[in-house]
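Below is one structure, written out as structure tokens, with a few remarks after it.
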Amino acid sequence: MERLTMIVLVAALLLLGIVLGAVVQIPLPLSLTLAALIGCWLLVFAVRERSGARRRSRT
């Protein structure tokens with residue numbers, strides 16, 4: 001199990017490095033715009049998940 005956790009961690013760090021390398025290549029205003037869009041999407045996702053969990057716990 002620890003070995004699988006380590007592989008997942010290494011893969012996540014590798015993907016983070018690739019994403020950060022891509023962000024460096026695009027202009028700052030575009031990076032900030034994309035970051036804001038992703039943040040809004042994550043906020044909407046969190047609200048939907050939370051409301052869904054409340055609905056499921058009532059039944």
Side-chain angles (χ1 to χ4, degrees):
M1 189 63 160
E2 287 183 28
R3 184 179 176 123
L4 178 63
T5 304
M6 187 60 71
I7 290 172
V8 170
L9 180 60
V10 169
L13 289 172
L14 179 65
L15 287 172
L16 178 64
I18 291 169
V19 169
L20 288 177
V23 168
V24 169
Q25 302 298 322
I26 60 176
L28 182 62
L30 182 59
S31 294
L32 294 176
T33 302
L34 292 174
L37 287 172
I38 291 170
C40 289
W41 176 69
L42 288 172
L43 184 63
V44 168
F45 177 78
V47 168
R48 289 182 66 195
E49 284 294 311
R50 187 172 177 100
S51 67
R54 284 184 183 167
R55 223 176 287 134
R56 283 188 296 258
S57 66
R58 288 184 197 162
T59 58

Cluster link Val24 to Val19, ILVMFWY, side chain under 4.5 Å: no

Measuring only between side-chain heavy atoms, which start at C-beta, is Leu16 closer than 4.5 Å to Leu20? yes

With sequence neighbours left out, what residues match Leu15 under side chain to side chain contact (heavy atoms under 4.5 Å, CB included)? none

Connecting only ILVMFWY residues whose side-chain heavy atoms lie within less than 4.5 Å of each other, what is the rest of Phe45's hydrophobic cluster? none

Going by chain and number, the hydrophobic cluster around Ile18 (ILVMFWY, side chain to side chain under 4.5 Å) further includes Leu14

Which donor-acceptor pairs under 3.5 Å do the side chains of residues 25-43 make with protein atoms, sequence neighbours left out?
residue: Ser31; atom: OG; partner: Pro27; partner atom: O; Å: 3.2
residue: Thr33; atom: OG1; partner: Pro29; partner atom: O; Å: 2.8

Report the hydrophobic cluster partners of Val47, with the cluster defined as I, L, V, M, F, W, Y residues connected by side-chain heavy atoms closer than 4.5 angstrom, directly or transitively. none

What's the spacing between Leu13 CG and Leu9 CG if we round to 0.5 Å? 5.0 Å

